[in-house]
Amino acid sequence: MKPDRFHPHVSSQSSLHRELSAQFYSKNHIPFVIAVLSSLLLGLLNLMLSWMIQQFIDTISGVPGSMELSAMFLLSAVVILLVILFKLMDYFSRPRFLEKAVRQYKDLAFHKLTQKNISSFQEESTATYISAMSNDIASIEQNLLENQFALAANGILFFGSVFMMLSYSPLLTAASALLSFLPFLGSMAAGDRMKTAETRVSKQNEQFVASLKDSLSGFSVIKSFKAEAPILELFSKSNQAAEDAKCRRRKLESFLGMIGSAAGVTAQLGVFLIGAYLALTGSGLTPGTVLVFVNLMNFIIDPITQMPTLLANRKAALALIRKLSDALEEHSGRGGQAIQSRLTHGILLDHVSFSYEPGIDVLHDLTFRFESGKSYALVGASGSGKSTLLNLLMAAHDTYRGSICYDEHELRLISSDSLFDLVSVIQQNVFVFQASIRDNITMFRPFPKEDVDRVIQLSGLSSLMEEKGEAYLCGENGSGLSGGERQRISIARSLLRNTHVLLADEATASLDKETANHVVHSLLSLDGLTRIVVTHALDASVLKQFDGILALKDGRLVEYGTFNALMENKNYFYSLFTVSQ
């Protein structure tokens, strides 16, 4: 069951949340174990260095039974070699673990994102995912993945220090424990504040990314309306809010650090003074023991002061994973039944009505059968529902009333993968990737050269390919191409899929008349293909090539027939056509 953030009885960790978290360690256990082991071993070496300091001081002070100086030199050489060895272990394991952990996490997140359906994705803010894949993942890497090694090191240092201190002097250890309570109280002030601060940073960064994305996408509009100043003001406000959130987080970290440092210094000086008193009063403590206590206090105080912050940061990072998993699960792609990638009978609309807003229908009680293998034109004034109907046929919305059936299969019950094996679409707004012309046609998949050459010819791309070559880079969203060239690429990529149903929304809107006629003739000459084409260009030579024309008005089907029959009727289509000439 999908988790409900508003109902506390539902499990706080969804299966997707667990799956995302598991990606950090999937087939990544060996580097992780070696990295943790190196952290633990380096911690043990720090404890050994503390013991060596005690031995050095006592040797210099002439304390009986201290280690010989020659043995100390030999031991120092061994420790140096061990430090190099353990650092090399960390060098080869930790970066490898972090690289694979973050890469697998982002790969899975993107994979889940691609499983959403088109309409669901369009209802969401892309800034959520841009922020999650940039700012949030950086926080997760530092506060969750990196910090787990700090937690391991702090753990071994803390318990190792307590053991060593007890072996030296239980009395001074008790005094140290009381003094360590001061930094513990200071660190407890963190509570959940770091989690709240990190979540606020994520939210403000998401809004900043959205503002930046809007400003860049609407650059031409901003310039043409001379709106630079107000847009800059909006950008500055969003930028300031994001940086203010980061500043508050840094100030909280600094404040907690200040409390921890002050309490730590107090504890260390207290231990030093008490140890000095015990040494001077003949309690059996040597100068080296007092100094090693002061040094070991670092390993007691640091974990105590850092642990709440580390745990708070960990909770904050887990909250960011939860935020992403919730976003990915919301409007997630539907399942459904698999159907054949062949249309045998046709597409049936049975009393189909649809509204974007409750009570305001944009399609009214449409009933029609598109027969397999035939071509249909959808015509009508702007706002008549042509594009909406095409979107419904692509399963962009499943809230329509009535039924839409591909052969005998209700569209709502068909799986997305199965539907897209049957149907391809030529969109009015074409997106072209920053890649070669060929890659944009094939969508980065392998196809036989003869198939690619065929669709290049059908879509009117031959001259472009001869002029620029198939390796020509199209630029960001096709900035290196004209609108007509981008449209022809969209047509070619749809035809290359060789599906049995082709939907086209103003497929020739950006093309000159000669090219448009060539493309339409190419589309309509294909055998066995069911074509439903939205067109605003009412050209008699084009419309005569369709098997049927559906005239829509205010979301209603008001006329259907061939071009000649509709012109003879002299009703709505006749008026529409006459006015357009």
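Note that the structure is a prediction, hence the values are computed from the model and not measured.
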- Message: With no hydrogens and no angle check, just 3.5 Å: does a side-chain donor-acceptor pair link Gln104 and Ser26?
- Response: no
- Minimum side-chain heavy-atom gap Leu473-Gln434 below 4.5 Å: no
- Answer yes or no: does atom CD of Gln240 have more than 12 heavy-atom neighbours from other residues, nucleotides or ligands under 6.0 Å? no
- Measure the acute angle between the ring planes of Phe577 and Phe563, then classify it against the limits of 30° and 60° as parallel, tilted or perpendicular. perpendicular
- Counting N and O atoms only, with roles assigned by atom type, does the side chain of Thr530 sit under 3.5 Å from a partner on the main chain of Gly373, one being a donor and the other an acceptor? yes
- Ile441 and Ala492 have their tightest heavy-atom pair at CG2-CB, 4.1 Å
- Task: Answer yes or no: is there an ion pair linking Arg401 with Asp365, defined by an N-O contact shorter than 4.0 Å?
- Result: no
- Query: What distance separates Ser238 OG from Gln204 CD, expressed to the nearest 0.5 Å?
  - Reply: 7.5 Å
- With Val432 as reference, evaluate Ser479, Cys474, Ser490 under the side chain to side chain contact (heavy atoms under 4.5 Å, CB included) test and give the passing residue. Cys474
- Message: Contact between Leu419 and Ile414 at the side-chain level, heavy atoms closer than 4.5 Å - yes or no?
- Response: yes
- Message: I'd like to know whether Asp439 forms a side-chain hydrogen bond (donor to acceptor under 3.5 Å, both in side chains) with Ser436, so could you lay out the CA-CA distance, the side-chain angles of the two residues, the decisive distance to 0.1 Å, and finally the verdict.
- Response: CA-CA 5 Å; Asp439 284 340; Ser436 68; 3.3 Å; yes
- Query: Any salt bridge (charged side-chain N to carboxylate O under 4.0 Å, His left out) pairs touching residues 534-547, not counting sequence neighbours?
  - Reply: Lys513-Asp539
- Task: Please tell me if the side chains of Leu389 and Leu349 come closer than 4.5 Å, counting only heavy atoms from C-beta onward.
- Result: yes
- Please report the C-alpha distance between Asp505 and Ser387 in whole Å, then the side-chain angles of each, then the deciding distance to 0.1 Å, and finally whether the side-chain hydrogen bond (donor to acceptor under 3.5 Å, both in side chains) criterion is met. CA-CA 7 Å; Asp505 190 1; Ser387 295; 3.0 Å; yes
- Query: Can Ser424 and Ser494 be counted as having a side-chain donor-acceptor contact under 3.5 angstrom?
  - Reply: no
- Item | Check: Val362 main-chain N/O paired with Ser355 side-chain donor or acceptor under 3.5 Å | no
- Close side-chain approach of Leu496 to Asp451, heavy-atom, < 4.5 Å: yes
- Would a distance-only check, ignoring hydrogens and angles, find a side-chain to backbone donor-acceptor pair under 3.5 Å from Arg531 to Leu524? yes
- Message: Ring-plane angle category for Phe235 and Phe208, please: parallel below 30°, perpendicular beyond 60°, tilted otherwise.
- Response: tilted
- Message: Just so I know, are the side chains of Thr535 and Val542 near enough to count as touching, which here means a heavy-atom distance under 4.5 Å?
- Response: no
- Message: Checking side-chain polar atoms at under 3.5 Å, does Ser462 have a donor or acceptor matched by the opposite partner on Gln457?
- Response: yes
- Message: If only side-chain N and O atoms count, and only distance matters, is there a donor-acceptor pair under 3.5 Å linking Asn205 with Ser202?
- Response: no
- Message: Nearest 0.5 angstrom please: His351 NE2 to Phe368 CZ, how far?
- Response: 14.5 Å
- Quick check: does any side chain N or O of Arg486 sit under 3.5 Å from a backbone N or O of Gly478, one acting as donor and the other as acceptor? yes
- Query: Taking the side chain as C-beta and beyond, is there a heavy-atom pair between Tyr406 and Leu348 under 4.5 Å?
  - Reply: no
- Message: If you compare all heavy atoms of Phe546 against all heavy atoms of Ser375, which two are closest, and at what distance to 0.1 Å?
- Response: CA-OG, 3.5 Å
- Query: Thr388 and Tyr356: side-chain donor and acceptor closer than 3.5 Å?
  - Reply: yes
- Query: Do NZ/NE/NH1/NH2 and the carboxylate oxygens of Lys323 and Glu206 come within less than 4.0 Å?
  - Reply: yes
- Message: With heavy-atom distances below 4.5 Å as the criterion, would you say the side chains of Phe110 and Tyr129 are in contact?
- Response: no
- In Å and rounded to the nearest 0.5 Å, what is the CG to OG1 distance from Leu392 to Thr399? 8.0 Å
- Shortest non-hydrogen contact between Leu20 and Leu328, atoms and distance: CD1-CD1, 4.4 Å
- Looking at side-chain heavy atoms only, is the closest gap between Leu503 and Ile426 below 4.5 Å? no
- Query: CG of Asn571: more than 12 outside heavy atoms within 6.0 angstrom?
  - Reply: yes
- Message: Would you compute the distance between atom CD1 of Ile140 and atom CD1 of Ile321 and round it to the nearest 0.5 angstrom?
- Response: 4.5 Å
- Message: Looking at Phe447, I'd like to know if the NZ or CZ of Arg454 sits under 6.0 Å from its six-membered ring centre while staying within 45 degrees of the ring's axis.
- Response: no
- Message: Working to the nearest 0.5 angstrom, can you tell me the gap between Ile137 CD1 and Gln142 CD?
- Response: 12.0 Å
- Message: Is it the case that over 12 heavy atoms from other parts of the model lie below 6.0 angstrom from the NZ atom of Lys246?
- Response: yes
- Message: Please check: side-chain N/O of Lys553 versus main-chain N/O of Ser384, any donor-acceptor pairing under 3.5 Å?
- Response: no
- Query: Where the side chain of Arg369 meets the backbone of Ile347, is there a donor-acceptor pair that is under 3.5 Å apart?
  - Reply: no
- Message: Quick check on Glu450: does its CD atom have over 12 non-hydrogen neighbours (other residues, nucleotides or ligands) under 6.0 Å away?
- Response: yes
- Interatomic distance, Asp398 atom CG to Leu411 atom CG [nearest 0.5 angstrom]: 8.5 Å
- Query: Under 3.5 Å, is there a donor-acceptor pair between the side chain of Arg497 and the main chain of Val423?
  - Reply: yes
- Query: Are a donor atom and an acceptor atom from the side chains of Ser131 and Asn135 found within less than 3.5 Å of each other?
  - Reply: no
